[in-house]
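What follows is a set of notes on a single structure, which appears directly below.
To find a chain, count down the sequence lines: A is the first, B the second, and so on, and within it residues start at 1. Excluded from the calculations below are hydrogen atoms, water molecules and symmetry mates; all remaining heavy atoms, backbone and side chain alike, are included.
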Protein chains: 2
Amino acid sequence: MTSPVSETTYLKSYNIHDFDVPLTSVDMAIFTVHEDRLKVLLTKRAHHPEMGKWALPGGFIDQIKDHSLSDTARRKLKEKTGVDTPYLEQVETFGSAKRDPRGWSVTVAYLALLPYESITLAIGENTESVIWVNLDEVEQNDTLAFDHNSILSICHERLKAKVQYTSLPVNLLPEAFTLTELQNIFEIILGKPTEKKSFRRRILDANILEETGDMKTGSNRPAKLYRVSENGEKHVFNRIIEGPRV
Amino acid sequence: MTSPVSETTYLKSYNIHDFDVPLTSVDMAIFTVHEDRLKVLLTKRAHHPEMGKWALPGGFIDQIKDHSLSDTARRKLKEKTGVDTPYLEQVETFGSAKRDPRGWSVTVAYLALLPYESITLAIGENTESVIWVNLDEVEQNDTLAFDHNSILSICHERLKAKVQYTSLPVNLLPEAFTLTELQNIFEIILGKPTEKKSFRRRILDANILEETGDMKTGSNRPAKLYRVSENGEKHVFNRIIEGPRV
DNA sequence: TTGCCTTAGTGTCTCTACGGCACTAACATT
DNA sequence: AATGTTAGTGCCGTAGAGACACTAAGGCAA
């Protein structure tokens, strides 16, 4: 104990029955899309328990380095992918007596979205211990460490839910992209086709994109390139009850 | 330390730099509606730090009594209100070096909705230390302990957001209620009037309510009483992108 | 009993915006 | 120049939202 006094006071005043307090960690579901597949980042556990098993990347709060919880998440993400300005969202916190064999534990799950091109895997690590895996395969195999399969499942649910009413998938694409590329990402995540005209109307009416001015050439008719505009930061492009759609 | 071995291993394997680990607590934003006002439950802090200040009810995980995090929330809620089957939803987890003067700390915020009639305040406690306060007054005064004002604010945001697309406010009413009563609750939370016909059409088309068969009599024309039906549990009564509304 | 007030609940019109689908536009390739 | 492919548009039918006037059913006072 480096600071027994403050902790003792802390515990006494709240009637905690002893010092065996659950540790709090952060786990990350980092998604990207590559070759028309939704992928998630996994790391191989180097220590007990569950050594050798694949797991969501994560770790403990560093009280020196991290000022807030999201700093912990960002730090872990940077360690694994080299990216330091991801789309990052806290999803849910899981705490129970049984999720870790060592006893009561708590973990805060974060979801991150990255463009595949922006990533440099496993900075300063054994590269084989950090990999992208197709999400559907991970979900079918159900062999991740601890309760990471159910955490991942809930993060996936959240992603699918938010795609219904936000422009969140833009974070899976590079800065400039075509509407067809964006629509593809939506379809990959939702797992079903979307009407082209409706999609374009909604996303353009939402006023969250702006033209870069450039075109994507290559094969066939060139396509306009778009980027996320100022007011696109909020990601929301649809409301429901009353009032015009936003 | 009751289990030094496991904890040492735990910490070592993750390179935690020492034993001064943040403690994790649970805080609750408990809402109800009474006399056409949205209210939140506050407790007066009996110990340092911030002794005497009003705060959201909360506390630490009890590793014996609680099997999961939501058990902690439910236990706290039961202690303060006597209710043990609330609508309970985890909102967000706040962790930082500064939110508590004693150092790094983490708290998981929960939102609960209760019918006013179901509540017996402050079971076995000094009744003056647990009170209902009008939410707008709390938000204006901005004098809660720790970062509880911002936690409360985020819980309020979540409530308003979900009311846009769910039937969540039914949890603020007794089991049987009229559509007008339900509409009133929506209007109180959203802070603006709603078209009667539209409201009724949406909520009835959503198929989440069923008639009890009874009528609410009293003054003027009697109104049909409704309750939440089986499929109403999910609370969702509207979708957005593509496909018919659910 | 009648008439009036209040609240519950409905009929119906208009208009927006979605899905659907056929169409045109602009390139590459041969 | 013809063909193929992808980008992007025009337009129609229709569902469902808002708006608001209307009817329904009680209490209460005279």
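- Remark: B/Glu92 pairs with A/Gln90, B/Phe94, B/Ile154 by the side chain to side chain contact (heavy atoms under 4.5 Å, CB included) rule, at least two apart or across chains.
- Between C/dT10, D/dA24, D/dG4, one nucleotide has an atom nearer to the side chain of B/Arg200 than all others, and that is C/dT10.
- Look at NZ on B/Lys224: it is 13 Å from P on D/dG26, rounded to the nearest Å.
- For A/Phe199 and A/Phe186, the ring centers sit closer than 6.0 Å to each other.
- Between the CD atom of A/Gln183 and the C1' atom of C/dG19 there is a distance of 13 Å, rounded to whole Å.
- Nucleotide C/dT6 holds its P atom 19 Å from the NZ atom of B/Lys216, rounded to whole Å.
- Ionic pairing of A/Glu181 and A/Lys216 is present here: one or more N-O contacts between side-chain nitrogen and carboxylate oxygen are shorter than 4.0 angstrom.
- In the set D/dC20, C/dT7, D/dT6, the nucleotide with an atom closest to the side chain of B/Arg221 is C/dT7.
- At whole-Å resolution of the value, CG in A/Asp205 and C1' in D/dT9 are 14 Å apart.
- Residue A/Tyr226 is the one, among A/Tyr226 and A/Arg201, whose nearest nucleotide of DNA chain D lies closer to the 5' end (criterion: closest heavy atom).
- When each of B/Lys196 and A/Lys197 is assigned the nucleotide of DNA chain C with its nearest heavy atom, B/Lys196 is the one assigned upstream, toward the 5' end.
- The side chain to side chain contact (heavy atoms under 4.5 Å, CB included) check on A/Asn134 picks up A/Arg37, A/Lys39, A/Asp136, A/Glu137, with sequence neighbours excluded.
- Atom-to-atom, CG of A/Leu204 to P of C/dA17 comes out at 15 Å; the value is rounded to the nearest Å.
- Rounded to an integer number of Å, the gap from B/Ile203 CD1 to D/dG18 P is 13 Å.
- The CZ atom of B/Arg202 sits 12 Å away from the C1' atom of D/dA15 (whole-angstrom rounding).
- When the C1' atom of D/dT6 is taken as reference, atom CE of A/Met215 falls 12 Å away, rounded to whole Å.
- Distances shown here put a side-chain N or O of B/Ser198 below 4.0 Å from the OP1 or OP2 atom of D/dG18.
- With DNA chain C read from its 5' end, the first of the two nearest nucleotides for B/Leu225 and A/Asn220 is the one closest to B/Leu225.
- When atom types are taken as modelled, the side chain of A/Ser153 and the backbone of A/Asn149 share no donor-acceptor pair closer than 3.5 angstrom.
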